[in-house]
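Keep in mind that this is a model prediction, so the values were computed, not measured. Below, read A as the first sequence line, B as the second, and so on, with proteins coming before strands; counting in each chain starts at 1.
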2 protein chains.
Amino acid sequence: MKKKITLKLIAKELNVSISTVSKSLKNSKEISEETREKVQAFAKFYNYKPNNIALSLKNKKTKTIGVIIPEIVHYFFSKVIFGIEHIANQRGYNVIIGLSNESFSKEVLNMEMLANGSIDGFILSISKETLEKRDFHHFNETIAQGMPIVMFDRVEDSIKCDKVIVDDLLGSKKAVEKLINSGCNHIAIVTTKDFVNVGALRTKGYILALEENKKALNDSLILKVEDSELIDDNLTQLEQDIEHMLISNPEIDGVFAVNEIYALTVMKVARKLKKRIPEDLQVIGFSDGVLSQNAVPTLTSVSQHAQKIGERAAELLINRLELEDYEEEEMELERYETEVIETELIERESTK
Amino acid sequence: MKKKITLKLIAKELNVSISTVSKSLKNSKEISEETREKVQAFAKFYNYKPNNIALSLKNKKTKTIGVIIPEIVHYFFSKVIFGIEHIANQRGYNVIIGLSNESFSKEVLNMEMLANGSIDGFILSISKETLEKRDFHHFNETIAQGMPIVMFDRVEDSIKCDKVIVDDLLGSKKAVEKLINSGCNHIAIVTTKDFVNVGALRTKGYILALEENKKALNDSLILKVEDSELIDDNLTQLEQDIEHMLISNPEIDGVFAVNEIYALTVMKVARKLKKRIPEDLQVIGFSDGVLSQNAVPTLTSVSQHAQKIGERAAELLINRLELEDYEEEEMELERYETEVIETELIERESTK
DNA sequence: GAAACTAACGAAAACGTTTTCGTGTTGACA
DNA sequence: TGTCAACACGAAAACGTTTTCGTTAGTTTC
């Protein structure tokens, strides 16, 4: 095992001081050309690379971004990470990942683990448990320590930080309007409980679209699903709920589902009930992922541009990090941006 | 913005030396109980946490694992990461992610970026371009520097490191045998070009199963797909190839596909050709992901236990890292393990 | 020939820890 | 009263950098 080569080692080998080596490698003209070349040749030969940790300690910058997400085995989140990594890498940053698994305590733990010098800033999406408890002290404390946060998708308005969100309301509204324009008169929605704010927003969009288009609002066409129903691939409860709704409301001719799984389950139940898609029932999902693209029939859905969300979040964070170098915290009256990424309706076979 | 609190700061505030503070916090009995309590109370009140970077520099350990994968928007890889993160977190390690995007140069760059002190060891899966070029110098150099690597799934035998692989050959063989036992007589395979070693192994398993069961081997039933066919969601070329094979060989009654997309495409084409699944054509895929579970009909497929792969890789790496603390590089004749994770055939509706 | 300047380099501090090795003060003991 | 141990603490080195501020020696200037 070759020892890792350091400035000190080069200095000793070449009988010069550490300072001289450091300056030579930086091509400082304080050092004679002769010495510079000698040092550079030596360093190159032994493939010297400065130690990142030492640099981090000195510069008080790690050039690393911490990302905390609720889950990673998930098309949306992994695509966001892809976007983050893309920009981060381009701008010389590393990405370190923490998973909260939708748990409050894991979210806190992960943030504490990273906040002590390991990273320069956070990009995160709030876990469901945190949203439910509404305990956001860890975010506020982190920010108070001077570590910037960028939140995406599942955000909390009261926290002072940049945010990147999806226009959930408008996206849902457009989806429902598409159903209306395609001839649907009785449109149902399959959504989540209200504490997941994006779920609530999507429900709002649904309601708004109906109201603006003078369609009757019918509570029995709004199915709010328990989150636990998705655990362990056990979809049966979800299926039963959907089946119950479709049977007791046979007039339903369009369904808007707030995620892919819900939408696919709707199609599955419809098939079981011998309803043809899109002739008898049109379906639109939210989150345009691999499932929508490969479903049978392929699923019309609202694309959130997950990659772009990640890219913009990374840009916002890095911009702020590099701004701080100059401003030096003078302007305490900082302005935080909330950027809205537009959704796009991807039309496929599940709608007319 | 509160200044980050340090030992030096506590020391000054309490009029003791830095050493005393450090020792007090570690409950060293070298320090009087009175002083200890005073320091600890102060530290707790101001929520002191030691700076990770300084610790890393001192200990020459970062407690961080670097993971380099070809892509992250991919069920298999994201599930592996989930497994890695699970174990890593449990044992006090962080996970830092680098994406190679299947590119050799990005793989090298990412490794260089991390190898200079940022991490203690690597877990990685080799990019396709690297496999094709067969240029592995970056792995060997990293290992020579004393940084351990654990490879998973796409590995290279000649490299001296721990490996976690899937029994691709046996898994495929079992899948094909399942088709044979379910009455298939003319079984086709949709696979990749041979330089992706896992693709080659799966092809081998297919051939082996046929031979052992005295089934004729027919080259026109082996479809080796160009990887570029999958780029940009443009599946048409793939569809055409499959359609061509199915039409020119109408006797085909079973297809084994080496990944989910290939399998779904087979089913799509079969539907177009009015072949019923599984009555006329049985299909098995490899990699049991969200697509297999939600396809119509649901897809029988070979599960690789991606999460377990990640967990074992993390365990192997961390074990080695923590062993090194004691052995101190004396035993140069180290033994490296190659652990095989068994596959499992998950039977669903696409087979009888 | 002294003053002033320049070129080329080194010493040392700093980042925040941990740890080894003093060192001064006490009290006990002979 | 002198010796020794125990106690409680501090100084300093070390990890690997970067950077400021000397310090030489040699060269110019009048």
Side-chain angles (χ1 to χ4, degrees), chain A residues 2-40 42-43 46-64 115-120 145-147 325, chain B residues 2-40 42-43 46-64 115-120 145-147 325:
Chain A
K2 288 187 282 189
K3 278 241 69 70
K4 233 339 194 174
I5 192 153
T6 69
L7 288 186
K8 189 197 283 196
L9 223 145
I10 301 183
K12 185 160 42 156
E13 214 64 34
L14 259 43
N15 275 317
V16 292
S17 76
I18 295 181
S19 343
T20 304
V21 176
S22 175
K23 288 171 189 164
S24 298
L25 293 175
K26 297 210 118 47
N27 246 318
S28 158
K29 38 189 254 194
E30 208 179 325
I31 305 296
S32 74
E33 202 164 332
E34 193 192 336
T35 312
R36 261 184 287 165
E37 280 173 2
K38 187 177 61 177
V39 173
Q40 289 179 10
F42 189 94
Y46 286 101
N47 193 27
Y48 167 78
K49 295 272 168 52
N51 179 301
N52 285 334
I53 295 291
L55 284 180
S56 296
L57 184 58
K58 179 121 241 292
N59 302 331
K60 304 186 142 236
K61 305 250 157 205
T62 62
K63 287 265 178 187
T64 303
N116 304 114
S118 302
I119 61 165
D120 295 340
Q145 305 267 344
M147 177 160 304
D325 295 353
Chain B
K2 286 186 283 188
K3 277 240 76 65
K4 227 348 189 168
I5 193 152
T6 69
L7 288 188
K8 190 197 283 196
L9 223 144
I10 301 184
K12 184 160 43 152
E13 215 63 34
L14 261 43
N15 276 316
V16 291
S17 75
I18 295 181
S19 343
T20 305
V21 176
S22 176
K23 287 170 189 163
S24 299
L25 293 176
K26 297 207 120 46
N27 246 319
S28 158
K29 38 188 258 197
E30 208 180 325
I31 307 295
S32 73
E33 200 163 333
E34 190 193 339
T35 311
R36 261 185 286 165
E37 281 173 1
K38 185 177 61 177
V39 172
Q40 290 179 9
F42 189 94
Y46 286 103
N47 194 26
Y48 168 79
K49 295 274 167 51
N51 179 301
N52 286 332
I53 295 290
L55 284 179
S56 296
L57 184 59
K58 180 120 243 291
N59 302 332
K60 299 180 149 246
K61 306 248 159 206
T62 63
K63 287 272 185 180
T64 302
N116 303 114
S118 304
I119 60 164
D120 295 340
Q145 305 266 344
M147 177 160 302
D325 294 352

A.B. asks: For B:Glu33 and for A:Lys8, find the nucleotide of DNA chain D with the closest heavy atom, then tell me which residue's nucleotide is more 5'.
C.D. replies: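 Closer to the 5' end of DNA chain D: B:Glu33.
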A.B. asks: Closest-nucleotide mapping onto DNA chain D: is B:Asn59 or B:Ser17 further toward the 5' terminus? I mean the 5' end.
C.D. replies: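 Residue closer to the 5' terminus by nearest nucleotide: B:Ser17.
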A.B. asks: Extract all donor-acceptor atom pairs below 3.5 Å that involve side chains of residues 6-14 of chain A and protein atoms in other chains or at least two apart in sequence.
C.D. replies:
{"residue": "A:Thr6", "atom": "OG1", "partner": "A:Lys8", "partner atom": "N", "Å": "3.4"}
{"residue": "A:Thr6", "atom": "OG1", "partner": "A:Leu9", "partner atom": "N", "Å": "3.2"}

A.B. asks: Work out how much the helix from C:dG1-D:dC30 to C:dA30-D:dT1 bends between its end axes, five pairs an end, to the nearest 10 degrees.
C.D. replies: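 Overall, the helix from C:dG1-D:dC30 to C:dA30-D:dT1 bends by 80° from one end axis to the other.
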A.B. asks: Measure across A:Leu25 and A:Ala43 and return the closest heavy-atom pair with its distance rounded to 0.1 Å.
C.D. replies: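 Taking every non-hydrogen atom into account, CD2-CB, 3.7 Å.
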A.B. asks: If I compare all heavy atoms of A:Thr20 with all of A:Ser17, which pair ends up nearest, and what's the gap?
C.D. replies: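 Looking at all heavy atoms of both residues, the closest pair is OG1-OG, 3.0 Å.
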A.B. asks: If I compare all heavy atoms of B:Asn116 with all of A:Lys49, which pair ends up nearest, and what's the gap?
C.D. replies: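 Minimum heavy-atom contact is ND2-CB, 3.0 Å.
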A.B. asks: Quick one: label B:Leu7 by what it contacts on the DNA or RNA (base, sugar-phosphate, nothing), any heavy atom closer than 4.0 Å.
C.D. replies: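 Base contact.
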A.B. asks: Across the strands shown, which category fits A:Lys26 at heavy-atom distances under 4.0 angstrom: base, sugar-phosphate, nothing?
C.D. replies: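 It contacts sugar-phosphate atoms only.
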A.B. asks: Please name the pair of heavy atoms, one in A:Ser24 and one in A:Ile31, separated by the smallest distance, quoted to 0.1 Å.
C.D. replies: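 A:Ser24 and A:Ile31 have their closest heavy atoms at OG-CG2, 3.6 Å.
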A.B. asks: What is the nucleic acid contact for A:Ser22, judged by heavy atoms within less than 4.0 Å: base, sugar-phosphate only, or nothing?
C.D. replies: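 Since a base atom lies under 4.0 Å of A:Ser22, the category is base.
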A.B. asks: Considering only heavy atoms of chain A and a distance under 4.0 Å, specify the first and last nucleotide of DNA chain D in 5' to 3' order that meet this criterion.
C.D. replies: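 Contact span on the strand: D:dC15 to D:dC21.
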A.B. asks: Identify, between B:Lys23 and B:Leu57, the residue whose nearest nucleotide on DNA chain C lies closer to the 5' end.
C.D. replies: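 By nearest-heavy-atom nucleotide position, the 5'-most residue is B:Leu57.
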A.B. asks: Let's see if you can work this out: which of C:dG10, C:dG22, C:dA8 has an atom nearest to the side-chain heavy atoms of A:Thr20?
C.D. replies: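 It is C:dG10.
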A.B. asks: What heavy-atom pair brings B:Asn27 and B:Arg36 nearest, and what distance separates the two atoms?
C.D. replies: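 Closest approach of B:Asn27 to B:Arg36, heavy atoms only: OD1-NH1, 3.3 Å.
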A.B. asks: Working note: A:Val39 + A:Tyr48, criterion side-chain contact (heavy atoms from CB on, under 4.5 Å); need CA distance, chi angles, decisive distance, verdict.
C.D. replies: CA-CA 11 Å; A:Val39 173; A:Tyr48 167 78; over 6 Å; no
A.B. asks: At under 4.0 Å between heavy atoms, what does A:Ser19 touch on the DNA or RNA strands: base, sugar-phosphate, or nothing?
C.D. replies: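 Base contact - A:Ser19 has a heavy atom under 4.0 Å of at least one base atom.
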A.B. asks: Which part of the nucleic acid, if any, lies within contact of A:Lys60, taking any heavy atom under 4.0 Å across all strands shown: a base, the sugar-phosphate backbone alone, or nothing?
C.D. replies: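 Sugar-phosphate, no base atom in range.
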A.B. asks: What is the distance, to the nearest angstrom, from the NZ atom on A:Lys29 to the P atom on C:dT6?
C.D. replies: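 Rounding to the nearest Å, NZ of A:Lys29 and P of C:dT6 are 12 Å apart.
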A.B. asks: B:Glu30 CD to C:dC21 P: how many Å, rounded?
C.D. replies: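 One finds 12 Å between P of C:dC21 and CD of B:Glu30, rounded.
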A.B. asks: For A:Ser56, which contact category applies under a 4.0 Å heavy-atom criterion: base, sugar-phosphate, or nothing?
C.D. replies: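 No contact at all - A:Ser56 keeps every heavy atom at 4.0 Å or more from the nucleic acid.
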A.B. asks: Minimum heavy-atom separation for B:Ile53 to B:Asn51, with atom names?
C.D. replies: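 For B:Ile53 and B:Asn51, the tightest heavy-atom pair comes out as N-OD1, 2.7 Å.
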A.B. asks: Is it true that A:Ser19 and A:Ser22 share a donor-acceptor pair across their side chains at a distance under 3.5 Å?
C.D. replies: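 There is no such pair (donor and acceptor under 3.5 Å, judged by atom type) between the side chains of A:Ser22 and A:Ser19.
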